[in-house]
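Beneath this line is the structure, given in structure tokens, with notes to follow.
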2 protein chains.
Amino acid sequence: MSFIKFCYLCAIQQKWMFSKTCEYAIRAVMFITRETKDGKRVGVREIAEGIDSPVHFIAKILQELSKRGIVQSLKGPTGGFYMDGNTLTHTLADIVLAVDGDKLFNGCGLGLSECSEKQPCPLHAEFKKIRKDLHELLARTKLGELQDKFDMSTFYLSRR
Amino acid sequence: MSFIKFCYLCAIQQKWMFSKTCEYAIRAVMFITRETKDGKRVGVREIAEGIDSPVHFIAKILQELSKRGIVQSLKGPTGGFYMDGNTLTHTLADIVLAVDGDKLFNGCGLGLSECSEKQPCPLHAEFKKIRKDLHELLARTKLGELQDKFDMSTFYLSRR
DNA sequence: AAAATAAAAGAGTTTTTTGTCTTTTATTAA
DNA sequence: TTAATAAAAGACAAAAAACTCTTTTATTTT
């Protein structure tokens, strides 16, 4: 409670694996995937509302993802973002890699740049497994397969 | 290479699970654990050098950790930080919890505050397992046991 | 008791991340 | 071909995280 307020470190800073930008990116791509099955397109405003993110911020992120071929886009009326056969073959790992880099999959848990098999940090072996599991999870989840999953049940993408 | 430099998102931002502050915290406590077996104490300068971190920054972090009973400290000449029977029973999870909060163990992978069993995000089930593995790893690693491990083999705590 | 030492406390600064706003460019429908 | 639409681009602004510096307080040694 108030205890938290006076603490320098602690619960004020709440970190998860991904950066906020990356969370938005994943949710945005999922949203586009779900909404554009039949050649439809969605605009940034619709996406921002759908995943409850700042409009201009998600626009920036999507521009980069589109440049990298992770989503498709088209300007002008009836334009917007969409997925096609190609983009649907990408995985969640591709998104994370594009936004947060490969540190999550390869980096040392304690932030040591020189950590390796020969010169391991005290948690090297343990983290290797966790990183591997995480990478496998993200790398086996193709957007196209998520699309099918969306058909069968309800999932939430907005924080409200 | 230069390709990376011009990218808005991407490899510039390299995230891992923990905040940098938390990485420093873990390494500092490990360092203290290793260096203060027989009633010895280590000063911040020595710690900062040992784990290659900014002196004043790690000082701040350690002040907080000492306030929370994760490390012990004593002012004055021959003073410094050290571990005792009590602090050695703490786990790595305690450090992470103190510094980064519990989001890593409990939060939604996509950053949704309302994510739950009833209203899951599309990766809810998958992330649950990863989070659990990570928490178990950190919660079963007691500092005291690490101390024994340090005795038997060499591990690196500095990034150089 | 005085001087020296080392953590505690607190007030900064810098850098990075996150978020906002405006202008430009491409596309399409009328 | 013109007007409307929507993404692309770029320049800013705010907030958070990372880091620095100075002063104070507690402890110990001489």
Side-chain angles (χ1 to χ4, degrees), chain A residues 6-16 18-25 28 32 36 39-49 51-68 70-82 99-101 103 111 159, chain B residues 6-16 18-25 27-28 32 36 40-49 51-68 70-82 99-101 103 111 159:
Chain A
F6 299 102
C7 171
Y8 174 69
L9 312 167
C10 98
I12 291 158
Q13 116 175 302
Q14 285 275 18
K15 285 266 160 190
W16 210 65
F18 308 129
S19 68
K20 224 169 174 197
T21 305
C22 191
E23 289 177 356
Y24 285 148
I32 297 167
T36 64
K40 260 184 270 168
R41 285 159 207 149
V42 275
V44 271
R45 231 157 312 154
E46 202 178 335
I47 296 170
E49 195 158 328
I51 68 169
D52 192 35
S53 78
V55 184
H56 297 285
F57 193 48
I58 198 63
K60 262 287 150 65
I61 298 170
L62 285 172
Q63 274 164 39
E64 197 60 41
L65 292 180
S66 120
K67 210 182 284 177
R68 289 163 163 267
I70 289 174
V71 295
Q72 292 287 353
S73 72
L74 207 71
K75 291 183 181 180
T78 76
F81 293 90
Y82 63 100
V99 179
D100 277 352
K103 197 180 172 190
R159 72 180 155 207
Chain B
F6 299 102
C7 170
Y8 175 69
L9 310 167
C10 96
I12 290 159
Q13 119 174 298
Q14 283 276 20
K15 285 264 162 192
W16 210 66
F18 308 129
S19 68
K20 224 167 172 196
T21 304
C22 192
E23 290 177 355
Y24 286 147
R27 276 154 58 199
I32 297 167
T36 65
K40 259 184 270 166
R41 286 158 206 149
V42 274
V44 271
R45 233 157 311 152
E46 201 179 335
I47 296 169
E49 195 159 328
I51 68 169
D52 192 34
S53 77
V55 184
H56 297 284
F57 193 48
I58 198 65
K60 260 290 148 64
I61 298 171
L62 285 172
Q63 273 165 40
E64 197 59 42
L65 291 180
S66 121
K67 209 183 286 176
R68 290 164 163 264
I70 289 174
V71 295
Q72 292 288 352
S73 72
L74 206 71
K75 291 184 182 180
T78 76
F81 294 91
Y82 63 100
V99 179
D100 278 351
K103 197 180 171 191
R159 73 181 153 206

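Quick note: numbers below take in every heavy atom, side chains included, and nothing from hydrogens, waters or symmetry partners. Chain naming here is simple, since letters A, B, ... match the order of the sequence lines and numbering starts at 1 in each.
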Once you apply a heavy-atom cut-off of 4.0 Å, does A/V42 come out as touching a base, just sugar-phosphate, or nothing?
sugar-phosphate
Taking only nitrogen or oxygen atoms into account, show me every contact under 3.5 Å that the protein makes with nucleotides 10-12 of chain D, one pair per line with its distance.
from	atom 1	to	atom 2	distance (Å)
D/dG10	N7	A/K60	NZ	2.6
D/dG10	O6	A/K60	NZ	3.2

d(A/I32 CD1, A/I70 CD1) to nearest 0.5 Å is 11.0 Å
For B/I47 and B/A28 the tightest heavy-atom approach is CG2-CB, 4.1 Å
B/F57 CZ to C/dA8 C1', in whole Å, measures 17 Å
Could you state the OH-P distance from A/Y82 to D/dA7, rounded to the nearest angstrom?
12 Å
May I have the distance from B/R45 (atom CZ) to D/dT20 (atom P), rounded to whole angstrom?
15 Å
What pairs of nitrogen or oxygen atoms, one from the protein and one from nucleotides 26-30 of chain C, lie under 3.5 Å apart?
from	atom 1	to	atom 2	distance (Å)
C/dA26	O4'	A/K75	NZ	3.2

Check whether any side-chain N or O of B/T21 sits under 4.0 Å from OP1 or OP2 of D/dA18, and answer yes or no.
yes
In short, A/K40 meets A/Y82 closest at the heavy-atom pair O-CB, 3.5 Å
In terms of heavy-atom contacts, A/S19 and A/V99 come closest through OG-CG1, 4.3 Å
Can you tell me how far CD1 of B/I58 sits from CG of B/D52, rounded to the nearest 0.5 angstrom?
11.0 Å
What is the distance from atom CD of A/Q72 to atom CG of A/L62, rounded to the nearest 0.5 Å?
12.5 Å
Salt bridge (Lys or Arg N to Asp or Glu O under 4.0 Å) between A/E23 and A/K20, intermediate numbers included
CA-CA 5 Å; A/E23 289 177 356; A/K20 224 169 174 197; over 6 Å; no
Does B/Y24 place a side-chain N or O at less than 4.0 Å from the phosphate oxygens OP1/OP2 of D/dC19?
yes
Just how far, in rounded Å, is P of C/dT16 from CG of A/D100?
16 Å
I'd like to check B/D100 versus B/T21 (side-chain heavy atoms, cut-off strictly below 4.5 Å). Are they in contact?
no
Please enumerate all residues that pass side-chain contact (heavy atoms from CB on, under 4.5 Å) together with A/S66, with sequence neighbours excluded.
A/V71, A/S73, A/F81
Over all strands shown, is A/V55 touching base, sugar-phosphate only, or nothing at heavy-atom distances under 4.0 angstrom?
nothing
Whole angstroms only, please: what is the CD1-P distance between B/I61 and C/dG10?
18 Å
Could you tell me the separation between the CD1 atom of B/I58 and the P atom of C/dA8, rounded to a whole number of Å?
13 Å
Short side-chain N/O contact from A/K20 to OP1 or OP2 of C/dG19, under 4.0 Å
yes
Short side-chain N/O contact to C/dA8 OP1/OP2 from B/S73, under 4.0 Å
yes
For the pair made of CD in A/E64 and C1' in C/dT18, what is the distance, rounded to whole Å?
16 Å
Considering just the side-chain nitrogens and oxygens of B/S66, establish if one lies under 4.0 Å of OP1 or OP2 belonging to C/dA8.
yes
Between atom NZ in B/K103 and atom P in D/dA17, what is the gap in whole Å?
10 Å
Indicate yes or no for a side-chain donor-acceptor contact from A/R45 to the backbone of A/V55 under 3.5 Å, with no hydrogens or angles considered.
no
